[in-house]
Structure formats: C-alpha cells, structure tokens
Amino acid sequence: MSARRYFGTDGVRGLVGQYPITPTFVMKLGYAAGKVLAAQGTKKVLIGKDTRISGYMLESALEAGFSAAGVDIGLLGPMPTPGIAYLTKTFRAEAGIVISASHNPYYDNGIKFFSQDGQKLPDSVELAIEAELDNDMGCVDSADLGKATRIDDAAGRYIEFCKGQFPSDLSLNGLKIVVDCAHGATYHIAPSVFKELGAEVIELAAKPNGTNINDGCGATSMAMISKAVVEHNADLGIALDGDGDRLMMVDHTGYVVDGDEVVFVIASHDITSGRMRGGVVGTLMSNMGLELALADLGVPFARSNVGDRYVMEMLKKNNWRLGAENSGHVINLNHTSTGDGIVAALNVLTAVCQNNKTLFELRQGMTKLPQILVNVRFSGDNDPLTTEPVGAAVHQVNETLAGRGRVLLRKSGTEPLIRVMVEGPELEEVTNLANKIADAVKLAC
C-alpha cells in the first residue's frame, strides 16, 4: 500500500492554521474528495462538526470544495461523530464528513470521512483522494454546482435512534446519572437521551463556547466527574469526549471504568442474555486483565493495532460483533456501525437494569493488571524507536518481566507522541520500567 501523506488513523488532523488544517487545503480536500466520490456515483454528502470555533471556517471551506465538484451537501451542524455515521445511512447519502479532532484541545481540528454504510472510508478511497489532491482544483459548470441545505432536525433524529438502542420494556427511572459532555458535540443530545429514558441527569461540561472542548472535562479528564458522582450520591457517571465516540464511566464509588471494563460488562451481559456472537476484539493497548477475564467466560479475544478502524477491520475479518479500545472507543455492531459513546453507555445501563446490579458489581469479574502509559513528545524528524539505546532498554525490561507482562512502544496516530506502555503484576515495578524506556526514548528524540 502506498504511504499516506495526509490521512492518519483517524482522518486528516492537525493544528488549525497550520498545513494541512488551513482553509485553502480543506477546500481543496473537499474538491478532491468530491471528485473521487462523484466518480463512484456520489450525489450527496453530509457534513457535521463538533463545537470547536474553527469548525465554522472548515465547514465553509469543505462546502465550497464539494460544491465545486458538483456534489450536494447536507449541513448537520454540531453533531457527534457516530450521529453523523447514522444520519449518513438514514438520509441515503453516499458519504458523511466529520469536522473534529475528537479528544484533542480546541486549537486542533481534523476531517474524517464515513462511507454510505456508516463506516470509515476504505484505505483505497482515502489513497485515491490523496492522489487527486496532486491535481489542480477546478470547478464544474455553474448549472452543475452542488447545492447546500441545512438539516434542522438532525439532533432529534439521532436522539430517537439512541433511545431505540435501549430495551423498550426498561426504564431508567430511579437512577441518578452524571453526564459529562466535554463541552463537545453531545452537549445537546446526551442529556436528553438519558432524561427521556427516565433518569435524573446531572449535566457537566454541556456549555460549549468554541474553546473549552475537552478542557479539564470529558473522557480524557475524569477527575471532575468522579468527584461529582460521589458528591451527588449518583448511581454512576458517563463521560464522553469532544465528538462523542468515546465512553468512560464512573461507578458510585468514584472509580473510573475504562473501555476495557465497559466492553467486559457488555460481553458478560451478552453471554447471559444469549446475544454473544463470536469473541471480543481489543487492541495492543488492551489490558491483559480483559483477556484473562474473557477467557474465564470462554470468550475468544483478539488484539488489533491501535485505532478503532483496525478494531473494526478485525471484527469484520472474524465475523464478530463486539470490540473496544481501552481509551473508550466501544464498537457494538449489534447496535451501531461505528464507535458510539452514548449507545455503549446504554448497553451498560441495559446490563445494570436487567441484572438489577450496580456498575460496581458488574465490573467485579475483571481485574486489571497495572498498566503504565508514558507519552514522549518528539519532532517527527527522526524515529527514536529504531535507535540502539531504545532497543536495549526494551530488551532489559522484557528480561525483567520474564513473561509476566507486556511492553509496547508505538507512535500516536493523532499526535506527535511516542507512547510507551508497560504492563505487569506490580504497579511500582511497571512504573519504574516504563519510565526507564521513556527516558531512553527522550534521549533518542
């Protein structure tokens, strides 16, 4: 496969105002994507965004590019990424475009694409778009320009879809739930979903101003919601990220329940209710405790590369339905075509209600091994992972662990970071070992 220049594991992403996240490039990206998709028969695309201030600028640039390519555009406004995937299918659009940098700060942004089946574009299509970017931008005849319309009922449609993923004979009456929207795209959707299903909802971070997305809140900053759950004597907490495709939870004690534990709870309930099909896909970052707990239940487990697109690829390959990243991307193909934080939370709440157990009780079947992740920023001009000192440090750590744990080094697909992960039986030991490797990486950067 040809090397990618713009598309990472989650679309095209970067710092707003710096190439490639500039109005000029994004307009040309819209045109190039429009040309490629139009050649495949595409007549209409949907564009949605999260709450970053730059979303308005990039939305206009994409709209201009697609229009110049002769493709009609439906504008969804602020909308969670999984909502855009769903609406792409329900409106019979040939593609959906998301303007978001997910869990990153407001000054980052990005563009990612969904195909008409609500899943991420195949690699071949992304590479074709990159190839088209090498050509000059043109414009179809005036009579053939794409038309743009705003879809005013997008949020309501997605709210009803989410509610439909919760059993109709159940209610959330009597449950007090803290919902942290990360000042992101779920701010006007997630609280309504849980309220309309009967829960008492305490809202956090649901007042976006364009620059506060993911700022000390949401699925990447769990301290606030953990404290709020305990202070409000809530049954549990639900934390979403800026674009709503990640879920982290909190039980009534304030304990943070990550994606590994969420998928374990869902898988356990699916076995009990007879809905389990095949096994569970995790990633190279998934905790070994998940693998061991699923083995106790007789459920096969497989690891993909890091990134929800790779989880999806392995699910399709194995013909399985359930997969997750420990960072909170949970894919349940019994309900959705992509990772969906709200729907995953409803899957867990189904288990809570049907088993009449707390989240604290449901997660007890899995014990996580201590896992330390250290991020090391690098310039990208060199590859510290190939240097001899880093290789020697990894070898020494593997010898120390002697099969009792795992070491993983990888480059982030969304940020200029080297991620150093060490997992093993003792927290102090794995912390020291992870820092030892991280120090070697820093020296090599």
When you compare the side chain of [Y] with that of [X], does any pair of heavy atoms fall below 4.5 Å?
X	Y	answer
L236	V250	no
D245	S102	yes
R275	H269	yes
D180	L240	no
V430	E423	no
L349	F166	yes
L333	W320	no
D258	K368	yes

So, does [X] use its side chain to make a donor-acceptor pair with the main chain of [Y] at under 3.5 Å?
X	Y	result
N212	K207	yes
E291	P300	no
R246	E325	no
E130	Y6	yes
D50	P78	no
R404	L401	yes
T283	V306	no
Q364	F360	yes

Can you tell me if [X] has over 12 outside heavy atoms packed within less than 6.0 Å of its [atom1]?
X	atom1	answer
E426	CD	no
N356	CG	no
K163	NZ	yes
I53	CD1	no

* Hey, are R5 and E126 close enough for a salt bridge, meaning a charged N less than 4.0 Å from a carboxylate O? ->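 No, no charged N to carboxylate O under 4.0 Å.
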>> Check R52 with D108, please: is the shortest side-chain N to carboxylate O separation under 4.0 Å?
In response: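 Here D108 does not pair with R52 in a salt bridge, since their nearest N and O are not under 4.0 Å apart.
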- Message: Can you confirm if the aromatic rings of F25 and Y19 lie within a centre distance of less than 6.0 Å?
- Response: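 Under 6.0 Å, so yes.
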Worked check of side chain to side chain contact (heavy atoms under 4.5 Å, CB included) between V407 and L409: CA-CA 7 Å; V407 175; L409 273 71; 3.8 Å; yes
(Q) Restricting to side-chain contact (heavy atoms from CB on, under 4.5 Å), what partner residues turn up for L443, sequence neighbours left out? (A)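 Counting only residues at least two positions away or on another chain, L443 forms no side-chain contact (heavy atoms from CB on, under 4.5 Å).
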| field | Geometric cation-pi criterion, K120 with F113: 6.0 Å, 45° | value |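 No.
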Review point. With a distance cut-off below 6.0 Å to the six-membered ring centre and an angular limit of 45° from the axis, does R363 pair with Y255 as a cation-pi contact?
Key: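 Verdict for Y255: a cation-pi partner in R363.
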Distance-only side-chain donor-acceptor flag, [X] / [Y], under 3.5 Å:
X	Y	result
Q119	K316	yes
H335	D340	no
E261	N287	no
S54	N109	yes
R277	N319	yes

Q.
With side-chain contact (heavy atoms from CB on, under 4.5 Å) as the test, pick out the partner of F114 among L87, L121, I97, T81.
A.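 Only one option passes, and that is T81.
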Heavy-atom closest contact (L15 atom, Y107 atom, distance):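 Looking at all heavy atoms of both residues, the shortest contact is CD1-O, 3.3 Å.
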